[in-house]
Novice: 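I'd like to ask some things about the structure below.
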Amino acid sequence: MVNSMTAYGRAVMQKETKIITVEIKSVNNRYFDCSVKLPRIYSSLEEKVRSYVQSNGISRGKIDIYVSVNILSGAGETVMLDEAYAESYIKALRELSEKFDLPLDISVMRVASNRDIFLTVADKDDPEKDWEELSPVLAEALASYKEMRAREGERLIRDIAEKKKTVMELADKVAHLANGAVAKYREKLEAKLRSVLADMVVTPDEARIMTECAIYADKVAVDEELVRLQSHFKAFDDILESNEPVGRKIDFLLQEMNREVNTTGSKCNDAEIAHIVVDMKAELEKIREQIQNIE
């Protein structure tokens, strides 16, 4: 299954005295880069959250995970002021006012709107219990996130399949035109020789013409390039059927396809084929852009 690296998932769940919200969003990235932002009561679980996500088959992407907790009344927890943080925060507000000549309207409620100045102290610190509370919400958000990854992946593959079909059709046109290129060259060469030798009453050497045509045919033959291109398309389809992350493999394969198309364009001394090659390169570039979003 092909998955997109761009996705979003969210889950909200009430657990005894808390309402826990987990949001997961990601964009494309060459490697696995997971950032976890937790409230202080769950700060010890950061690595556990990251490992949990990676163990669920997420191997690439810039992933941001946000966890927020709304403590309900009667939670059996004590709210305390983080004096050092509050002092630093108020100092920063004063500096902001002085630096940008802003009104200094600091009040208790304005400062209290930054909830990080408060510490929530549970009756007993219990990381295992915290994980039992958080993990079901994380699992639900991750399931929603993975579902969107799969949907986006299907959409990308449909779009890529259409573009790949276009490239294959263009390759068939090149093959057809290339077959006629040698015949055209023979006609031009023979006409030119007859014109040059007409006044000399000399009959063109058919063997020489055949030799020149054979040399030209060898120079402009693109059969091998087109066969390799077809082989790459077959490998492309096989990779897409894999259950492993395929983005990097397809990206490498596209480089090989581009190499064959470039060689085809440089060998064919034909304006119509040159235009088709440009179109093929444009379609391959569109595919490459889409592949950047695939895991």
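The structure presented is a predicted model; accordingly, all values stated were derived computationally and were not measured.
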Novice: Start with the C-alpha gap between Glu23 and Asp64, add the side-chain angles, then the distance that decides, and say whether side-chain contact (heavy atoms from CB on, under 4.5 Å) holds.
Specialist: CA-CA 8 Å; Glu23 292 181 282; Asp64 292 305; over 6 Å; no
Novice: Could you check whether atom CD of Glu289 has more than 12 heavy atoms from other residues, nucleotides or ligands sitting under 6.0 Å from it?
Specialist: yes
Novice: Would you please test Glu46 and Arg50 for salt bridge (charged side-chain N to carboxylate O under 4.0 Å, His left out) and show each step?
Specialist: CA-CA 6 Å; Glu46 180 176 342; Arg50 187 179 289 109; 3.0 Å; yes
Novice: Asn3 and Lys146: side-chain donor and acceptor closer than 3.5 Å?
Specialist: no
Novice: Determine, using the 4.5 Å side-chain heavy-atom cutoff (strictly less than), whether Leu142 and Met148 are members of one ILVMFWY cluster.
Specialist: no
Novice: Rounded to the nearest 0.5 Å, what separates atom CD in Glu260 from atom CE in Met280?
Specialist: 10.0 Å
Novice: Within the side chain of Ser97, is there an N or O that forms a donor-acceptor pair under 3.5 Å with the backbone of Leu102?
Specialist: yes
Novice: Which pair of heavy atoms, one from Val261 and one from Leu284, lies closest together, and at what distance?
Specialist: CG2-CD1, 3.8 Å
Novice: Check Gly247 against Ile291 and note the closest heavy-atom contact, atom names and distance.
Specialist: O-CG2, 3.5 Å
Novice: Minimum heavy-atom separation for Leu81 and Ala86, please, with both atom names.
Specialist: CD1-CB, 4.0 Å
Novice: Check Arg259 with Glu256, please: is the shortest side-chain N to carboxylate O separation under 4.0 Å?
Specialist: yes
Novice: Starting from the C-alpha separation in whole Å, work towards a yes-or-no answer on side-chain contact (heavy atoms from CB on, under 4.5 Å) for Glu225 and Leu229.
Specialist: CA-CA 6 Å; Glu225 286 74 17; Leu229 190 59; over 6 Å; no
Novice: Rounded to the nearest 0.5 Å, how far apart are OH of Tyr52 and CG of Leu138?
Specialist: 5.5 Å
Novice: Check Asp159 with Lys286, please: is the shortest side-chain N to carboxylate O separation under 4.0 Å?
Specialist: no
Novice: Is any side-chain heavy atom of Val49 less than 4.5 Å from a side-chain heavy atom of Tyr42?
Specialist: no
Novice: Would Tyr8 end up clustered with Ile20 when hydrophobic side chains under 4.5 Å apart are linked, directly or stepwise?
Specialist: no
Novice: Does some side-chain heavy atom of Arg40 sit less than 4.5 Å from a side-chain heavy atom of Val69?
Specialist: no
Novice: About how many Å separate CG of Leu156 and CE of Met5, when rounded to the nearest 0.5 Å?
Specialist: 10.0 Å
Novice: So, are Arg155 and Glu152 salt-bridged, with charged N and O less than 4.0 Å apart?
Specialist: yes
Novice: Start with the C-alpha gap between Arg94 and Glu98, add the side-chain angles, then the distance that decides, and say whether salt bridge (charged side-chain N to carboxylate O under 4.0 Å, His left out) holds.
Specialist: CA-CA 6 Å; Arg94 289 195 174 114; Glu98 292 174 3; over 6 Å; no
Novice: Mind checking whether Ile294 and Ile157 have side chains closer than 4.5 Å, heavy atoms only?
Specialist: yes
Novice: How many angstroms lie between atom SG of Cys34 and atom CG of Asn29, to the nearest 0.5 angstrom?
Specialist: 11.5 Å
Novice: Is it the case that over 12 heavy atoms from other parts of the model lie below 6.0 angstrom from the CZ atom of Arg248?
Specialist: yes
Novice: Does a salt bridge link Arg288 with Glu285, judged by any charged N lying under 4.0 Å from a carboxylate O?
Specialist: yes
Novice: Using a 4.5 Å cut-off on heavy atoms from C-beta on, say whether the side chain of Ile63 contacts that of Tyr145.
Specialist: yes
Novice: Does Lys281 have more than 12 heavy atoms from other residues, nucleotides or ligands lying within 6.0 Å of its NZ?
Specialist: no
Novice: Do NZ/NE/NH1/NH2 and the carboxylate oxygens of Lys165 and Glu162 come within less than 4.0 Å?
Specialist: no
Novice: Looking only at atom types and distance, does a side-chain atom of Ser51 sit under 3.5 Å from a main-chain N or O of Lys48, one as donor and one as acceptor?
Specialist: no
Novice: When hydrophobic residues are tied together by side-chain contacts of less than 4.5 Å, even through go-betweens, does Leu254 share a cluster with Val277?
Specialist: yes
Novice: Short question: side chain of His176, backbone of Asp172 - any donor-acceptor pair under 3.5 Å?
Specialist: no
Novice: Can you find a pair of side-chain heavy atoms, one from Glu140 and one from Val22, that are under 4.5 Å apart?
Specialist: no
Novice: Going from CG on Leu38 to CG on Leu45, what distance comes out if it is rounded to the nearest 0.5 angstrom?
Specialist: 6.5 Å
Novice: Between the main-chain N or O of Val227 and the side-chain N or O of Ser231, is there a donor-acceptor pair closer than 3.5 Å?
Specialist: no
Novice: Is it possible for you to say whether Leu134 and Tyr66 belong to one hydrophobic cluster, with membership spreading through side-chain heavy-atom contacts below 4.5 Å?
Specialist: no
Novice: What do the steps show when you test Lys164 against Glu283 for side-chain contact (heavy atoms from CB on, under 4.5 Å), and what is the final call?
Specialist: CA-CA 8 Å; Lys164 189 192 74 167; Glu283 290 299 312; over 6 Å; no
Novice: Decide yes or no for Thr21 and Val137: does some side-chain heavy atom of the first lie under 4.5 Å from some side-chain heavy atom of the second?
Specialist: no
Novice: Between the side chains of Glu87 and Lys91, is the shortest nitrogen-to-carboxylate-oxygen separation below 4.0 Å, so that they form an ion pair?
Specialist: no
Novice: Of the non-hydrogen atoms in Ile276 and Leu170, which two are nearest, and what is the gap between them?
Specialist: CG2-O, 3.6 Å
Novice: Between Phe236 and Val246, does the side-chain contact (heavy atoms from CB on, under 4.5 Å) criterion hold? Intermediate values first, please.
Specialist: CA-CA 10 Å; Phe236 190 100; Val246 300; over 6 Å; no
Novice: Do Ile287 and Met257 have side chains that approach each other closer than 4.5 Å (heavy atoms only, starting at C-beta)?
Specialist: no
Novice: Please tell me if the side chains of Ser59 and Glu295 come closer than 4.5 Å, counting only heavy atoms from C-beta onward.
Specialist: yes
Novice: Using the rule that Ile, Leu, Val, Met, Phe, Trp and Tyr join whenever any side-chain heavy atoms are under 4.5 Å apart, tell me whether Leu104 and Ile117 fall into a single cluster.
Specialist: yes
Novice: Look up atom OG1 in Thr264 and atom CD in Glu224, then write down how far apart they are to the nearest 0.5 Å.
Specialist: 10.5 Å
Novice: With a cut-off of 6.0 Å (strictly less than), are more than 12 heavy atoms of other residues, nucleotides or ligands near NZ of Lys25?
Specialist: no
Novice: Is there a donor-acceptor pair under 3.5 Å between the side chain of Arg60 and the backbone N or O of Arg30?
Specialist: yes
